[in-house]
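Once you've had a glance at the structure underneath, I'll fire off some questions.
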Amino acid sequence: MKRISRLGHNRGEVVGPRSRDEFQRSLKITPGGSMRAAPFFAPHPPYAVSGAGCWITDADGRKIFDCENNFFSLVHGHAFPPVIEALHKVLDDGTAFGLPTTSETRLAEALTTRSSKLEQVRFTSSGTEAVIFAVKAARAVTGRPMIAKFEGAYHGAYDYVEVSLDSAPNNWGNSSPNSVLYASGTPPSTAADVLVLPYNEPKSCRELIRKHHERLAAILFDPVASRVGLVPIEADLRDVIQDCCHRYGILLVVDEVVSYRVGFRGAHDVFGVEPDLVALGKIIGGGLPVGAVAGLASHMAVFDHTNGKPAVSHGGTFSANPLSMTAGLAALQSYTKDAVVRLNQMGDTLRSDVTEQLRRRELPAQVTGMSSLFRLHLKAEVVRNYRTSFPSVLQKAALAKVHRAMLERGFLMTPNCSGALSTPMSETNIQDLAAALVDAVHEVWKQSPWD
């Protein structure tokens with residue numbers, strides 16, 4: 001007999017026949033049967049056909065509670081009415097122009113008004129592009145070639161910031177992490193221009209930065225980096241980074257493509273960081289493609305094209321697309337101080353409830369995160385950084401089983417069992433999510449212990 005989850009779903013197949021047919025159709029025309037690698041899990045995901053609030057309906061008509069939110073980009077969930085209404089008002093006027101529009105100025109003003117540290121803005125079409133141009137700007141300002149980043153941190157698809165994205169015990173080195181190339185065919189010279197730092201190890205970081213400071217243009221970091229373990233940066237490391245940047249003339253580049261949501265003014269404000277440049281994306285597009293690099297006007301001047309070729313030439317056919325700008329403004333205007341507080345409180349409640357239930361059931365697992373972000377780890381050791389979060393073979397296999405068990409219960413998380421809450425969610429939803437997650441962990445533990 002199929003079990004019923006607290007949301008009332010029949011437990012059974014996570015992928016129905018229509019989704020299977022769509023996957024087979026897609027396999028014929030694209031490598032891997034999907035246009036993105038991140039959402040994939042074996043044998044393949046269900047196909048989405050619609051969304052409303054915190055719910056997705058798949059091709060087979062099954063409703064799924066969405067904790068993934070397009071990889072944390074939908075802070076208001078799906079088909080958010082203010083965004084849809086704003087788009088309806090402008091759609092008939094055109095979708096793209098080879099001229100600037102007033103919509104880009106309005107969204108830029110909304111961002112700069114929220115934080116005094118973001119004096120000027122340039123929009124891109126993705127978070128990856130935002131990071132690329134932040135790195136280019138830092139090199140132009142300092143005249144130096146090298147960047148520093150943290151082991152395991154994801155900053156988009158750019159050779160330099162992909163270094164040591166997925167290093168493993170067999171190649172990551174000792175206290176001084178190796179610079180491990182990611183994509184096959186990446187030029188070996190790339191590694192020489194990337195200093196890899198150990199997350200939440202301030203003493204080692206200070207020494208490594210001191211040793212390489214003459215070549216360092218920027219230190220790039222996300223204060224709540226998902227791939228590093230979704231563990232907030234510790235105050236001692238924050239202080240070391242800022243001190244080294246001031247001492248050696250290195251630019252501090254904060255990647256808030258994901259973490260901008262943690263505070264009304266962004267993550268840099270929450271953590272007391274003084275950024276030179278900030279990379280943005282995800283929630284500032286209201287569900288449409290977007291990215292932005294923002295920061296001090298003196299540094300952003302490298303993009304100024306009004307007097308000929310700038311120090312850093314920045315273009316993009318769809319940068320500052322009016323639909324993305326319109327959707328982003330509507331989403332940001334609704335992400336008020338009260339909305340941020342409420343969402344963060346629900347995140348605190350979720351992590352607290354899951355932690356307590358895991359403890360009571362004596363399960364070797366934990367949940368990390370901050371604000372409305374969370375991630376499950378199937379280990380008892382306290383997770384502080386990439387290396388302590390790195391799963392064993394058994395733990396990785398068990399995570400995949402937990403992910404599937406959650407989907408069977410009607411909950412969608414990322415394949416590594418991370419999630420992000422959205423404003424349409426209720427306290428009851430959070431209780432259901434916590435109960436389902438612990439139940440899924442317990443079920444997998446009984447079937448195949450990982451510790």
Side-chain angles (χ1 to χ4, degrees), residues 35-36 73 87 90-91 93-112 117-145 147 149 154-162 183 186-187 190 193-194 217-218 220 251 253-258 260 275-329 331-332:
M35 301 298 170
R36 294 189 293 172
S73 66
L87 288 172
V90 302
L91 192 57
D93 294 330
T95 60
F97 304 95
L99 294 170
T101 69
T102 56
S103 61
E104 63 195 60
T105 305
R106 290 198 294 270
L107 180 55
E109 286 175 342
L111 291 167
T112 58
K117 305 296 189 301
L118 308 183
E119 295 177 349
Q120 291 190 334
V121 181
R122 292 284 290 227
F123 289 109
T124 64
S125 295
S126 69
T128 285
E129 292 175 67
V131 171
I132 289 173
F133 283 103
V135 169
K136 285 189 172 186
R139 289 172 176 155
V141 170
T142 63
R144 302 171 184 173
I147 65 167
K149 62 155 293 189
Y154 176 74
H155 299 289
Y158 181 37
D159 284 347
Y160 294 95
V161 301
E162 286 181 324
T186 300
T190 302
D193 282 325
V194 181
L220 172 66
L251 264 61
V253 179
V254 185
D255 179 353
E256 297 192 32
V257 172
V258 171
Y260 182 72
D276 291 295
L277 296 167
V278 175
L280 301 169
K282 295 198 185 286
I283 74 165
I284 71 163
L288 273 65
V290 75
V293 55
L296 301 178
S298 57
H299 299 327
M300 293 294 292
V302 298
F303 299 115
D304 188 349
H305 48 256
T306 56
N307 293 310
K309 180 183 175 182
V312 178
S313 182
H314 167 233
T317 302
F318 291 99
S319 294
N321 177 269
L323 299 186
S324 294
M325 301 295 97
T326 298
L329 181 61
L332 207 59

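When a residue number appears, it is its place in the shown sequence, counting from 1.
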Less than 4.5 Å apart, any side-chain heavy atom of Thr142 and any of Leu251?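 Yes. Closest side-chain heavy atoms under 4.5 Å.
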
Take Leu220 and Tyr160 through the side chain to side chain contact (heavy atoms under 4.5 Å, CB included) test and state the conclusion after the steps. CA-CA 11 Å; Leu220 172 66; Tyr160 294 95; over 6 Å; no

Using a 3.5 Å distance criterion without hydrogens, assess whether the side chain of Arg122 forms a donor-acceptor pair with backbone atoms of His314.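 Yes, the answer is positive, given that a donor and an acceptor are paired below the 3.5 Å cut-off.
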
Show your working on side chain to side chain contact (heavy atoms under 4.5 Å, CB included) between Met325 and Val290 and close with a plain yes or no. CA-CA 8 Å; Met325 301 295 97; Val290 75; 3.9 Å; yes

Going through the checks in order, is the side chain to side chain contact (heavy atoms under 4.5 Å, CB included) test met by Ile147 and Val161? CA-CA 9 Å; Ile147 65 167; Val161 301; 4.1 Å; yes

Measure from the side-chain N and O atoms of Ser324 to the backbone N and O of Pro289, and report whether any donor-acceptor pair falls under 3.5 Å.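 Here the side-chain-to-backbone pair exists.
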
Please determine whether the number of non-hydrogen atoms from other residues, nucleotides or ligands lying under 6.0 Å from atom CZ of Phe318 exceeds 12.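 Open: at most 12 neighbouring heavy atoms sit under 6.0 Å from CZ of Phe318.
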
Show your reasoning for whether side chain to side chain contact (heavy atoms under 4.5 Å, CB included) applies to Leu288 and Leu87. CA-CA 11 Å; Leu288 273 65; Leu87 288 172; 4.2 Å; yes

Quiz question: by atom type and distance under 3.5 Å, do the side chains of Ser103 and Thr101 form a donor-acceptor pair?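 Yes, a side-chain donor-acceptor pair sits under 3.5 Å.
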
For Val257, side-chain contact (heavy atoms from CB on, under 4.5 Å) partners two or more places apart: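 Only Asp255, Ala279, Lys282 meet the side-chain contact (heavy atoms from CB on, under 4.5 Å) criterion with Val257.
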
For Glu162 against Lys149, the heavy-atom pair lying closest together: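 Heavy-atom minimum between the residues: C-NZ, 4.3 Å.
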
Roughly how far apart are Phe123 CZ and Thr105 OG1, rounded to 0.5 Å?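 So the CZ of Phe123 and the OG1 of Thr105 are separated by 8.5 Å.
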
Might you point out which heavy atoms bring Thr95 and Asn321 nearest each other, and give the distance in Å?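 Closest heavy-atom pair between Thr95 and Asn321: O-ND2, 2.7 Å.
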
Between Thr186 (side chain) and Asp159 (backbone), is there a donor-acceptor pair under 3.5 Å?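 It does not hold such a pair.
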
